[in-house]
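Every heavy atom of this structure was used, including side-chain atoms; hydrogens, water molecules and symmetry mates were not.
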Amino acid sequence: MSDQTGPGTPGPGGPGDQDRPEDSASERMHYAGYQGEPADKADQDSMSSIFHRAKHPVDTSGAPAKGSDVAAGGPEISAGTHDGPEALGTPPHQTDSTRNPQHTVMRGGAGSGGVTPRRPRSADHDRRAERRAERVIALWFMLSVVGTVGFVITNFVGDKHKEYYTPCLGSALGIAVGGLGIGLILWAKRLMPHEQAVQERHEFTSAKEEIAVTEAEIADGFADTGLTRFPLLRRTLLGAGTVLGGLVVVPLLNLTNAKPGKKLDHTSWVKGARLVTEEGRYVKLGDVSIGGIETVFPAIPVTGANGQVSYQAKTDLHTKADSTTILIRLPPGVDRPRKGRENWSVDGHVAYSKICSHAGCPVSLYEQQTHHLLCPCHQSVFDVLDGCRAIFGPASRSLPQLAIAADSDGYLYARNGDYDEPVGAAFWERS
């Protein structure tokens, strides 16, 4: 790049400068240092060679910068030489529509732009293939309806405490949404027309003619969907969408379900229920050594048609949530039962709820020397010798005690039935 002012070119303020006509835009676009935009002669010095600007530094107002005299390495110049602010041009973007008025190009073949055309579909020229595709898509829409109905039935009829409930609910919802989605995809792939188009960037403001063309294309696209040609698809799609939209009402209907009421005040323990381990073994006197512990569950007595009593172990997940009990055998003479609970233990065996009264975590750590129960979640400590009173940590109430006794065969069972107070977190005291 070179300086614009040189031999044969009169500089600013030179002879004949006042009589010379003003440069046109085309002339101003080709001086040295041009960067894409028309500029005045006053801007040429600031937009030309970097070496020239180093010799004649100017500030943003166009005046010579401090130290730009002869001593700075350049010739002495006057402030009038730079009679304009420094300006940098911006080259037009490659996608600027002003450079290429024809900014929209449609391509539809292998020889135009390298776009490979799609292979023809059988449904485009075979009516039987078209009907077959229609029936397949309708089948997916009907499958979506079945999934939606299954979701609603599972939600209101299924047992929420069973293991099958959540998987069935999720599977039904997946079938409802997936069936509708797959049907729409197959519709677009097999029955809607296929076109290939490449469109360059255009101005954001569309002309009225383009808006009219767009509206016409939308109308043509709606006609291409075949909603008027395929009544079976139209009806099944409408049915699937309507039924699927009904799922929004399901959470609202759940608010009308029956409230738990007093169900949370009771567990699965009943009078005469035997203590059974998770493996289904009935606990007898002597099975637990002194200082030992055992996690037990209720085995409900069931009277058969012949009058014989059998016991049904309740070790399912729902029962474990509220009926889990820890059985501890204390050394003789160390237990200090509370008033009215003197006969709630048998031969040093005491039973307390395993659910912490702070946040419901399982209390499972027992110290034989101190006779303390520890909750591993938040380090609450309960004194077993004093009715499992909370002595440390965030727990504020004692663990509920289960009254137990032994029958003639030595099997331990629930003496009075359920706990005498609700189990679980301390919110019960505030309810």
Side-chain angles (χ1 to χ4, degrees), residues 103-158 166-202 204 206 209-253:
H103 54 270
T104 302
V105 181
M106 303 298 293
R107 302 172 182 174
S112 56
V115 180
T116 304
R118 295 178 179 269
R119 297 178 58 184
R121 302 169 301 182
S122 59
D124 294 337
H125 52 80
D126 188 353
R127 178 59 178 170
R128 290 180 298 178
E130 185 182 61
R131 298 293 296 176
R132 184 164 53 250
E134 180 185 8
R135 288 192 293 268
V136 171
I137 298 170
L139 178 63
W140 282 106
F141 289 159
M142 293 303 299
L143 188 63
S144 174
V145 173
V146 172
T148 304
V149 175
F151 180 89
V152 176
I153 293 176
T154 305
N155 180 80
F156 291 106
V157 180
T166 300
C168 289
L169 204 65
S171 300
L173 183 60
I175 293 174
V177 178
L180 186 60
I182 294 176
L184 293 175
I185 292 174
L186 292 178
W187 192 341
K189 291 179 66 68
R190 297 189 180 185
L191 295 180
M192 291 186 182
H194 288 172
E195 294 182 357
Q196 295 172 327
V198 177
Q199 183 177 11
E200 303 293 344
R201 177 184 291 184
H202 55 79
F204 292 108
S206 301
E209 294 78 5
E210 294 181 352
I211 296 177
V213 171
T214 302
E215 292 176 351
E217 290 181 352
I218 294 176
D220 294 340
F222 178 77
D224 291 339
T225 59
L227 286 174
T228 57
R229 295 175 52 202
F230 308 110
L232 177 61
L233 294 184
R234 183 175 65 249
R235 295 163 186 165
T236 53
L237 174 61
L238 181 63
T242 303
V243 177
L244 184 62
L247 292 182
V248 181
V249 186
V250 173
L252 300 177
L253 296 179

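- Atom CG of Leu238 sits about 11.0 Å away from atom CZ of Phe141, to the nearest 0.5 Å.
- One distance of note links CZ of Arg135 with CZ of Phe230; it measures 12.0 Å at 0.5 Å rounding.
- Taking every heavy atom of both residues into account, Thr228 and Arg234 meet most closely at CA-NH1, 3.9 Å.
- Taken to the nearest 0.5 Å, the CZ atom of Phe151 stands 8.5 Å off from the OG1 atom of Thr154.
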- Task: Tell me, with the steps shown, if Leu237 and Leu180 meet side chain to side chain contact (heavy atoms under 4.5 Å, CB included).
- Result: CA-CA 8 Å; Leu237 174 61; Leu180 186 60; 3.9 Å; yes
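- Among residue pairs with one or both ends in residues 215-232, those qualifying as salt bridge (charged side-chain N to carboxylate O under 4.0 Å, His left out) are Glu130-Arg229; sequence neighbours excluded.
- In this structure, the separation between CD1 on Ile153 and CG on Leu169 is 12.0 Å, given to the nearest 0.5 Å.
- A distance-only check finds no donor-acceptor pair linking the side chain of Arg121 to the backbone of Ala129 [under 3.5 Å].
- Residue Ala172 comes nearest to Gly150 through the heavy atom pair CB-C, 3.9 Å, listed as atom of the first residue, atom of the second, then distance.
- The distance from atom CG of Leu232 to atom CE of Met142, rounded to the nearest 0.5 Å, is 9.0 Å.
- Sorted by first then second residue, the salt bridge (charged side-chain N to carboxylate O under 4.0 Å, His left out) pairs that include residues 168-178, not counting sequence neighbours, number zero.
- Looking at Asn155, Thr148, Leu247 one by one, the single match for side chain to side chain contact (heavy atoms under 4.5 Å, CB included) with Leu173 turns out to be Leu247.
- In this structure, Trp187 places its CH2 atom where more than 12 heavy-atom neighbours from other residues, nucleotides or ligands lie under 6.0 Å away.
- Rounded to the nearest 0.5 Å, atoms CG (Leu139) and CD1 (Ile182) are 10.5 Å apart.
- Applying the 6.0 Å contact sphere to CZ of Arg127 captures more than 12 heavy atoms from other residues, nucleotides or ligands.
- Minimum heavy-atom separation, Ala176 to Gly147: CB-C, 3.8 Å.
- Within a 6.0 Å radius of CZ in Phe222, no more than 12 heavy atoms belonging to other residues, nucleotides or ligands are found.
- Taking all atoms of both residues into account, the shortest heavy-atom contact from Glu134 to Pro231 is OE2-N, 4.4 Å.
- In this structure, the side chains of Ile137 and Leu184 stay at 4.5 Å or more apart for every pair of heavy atoms.
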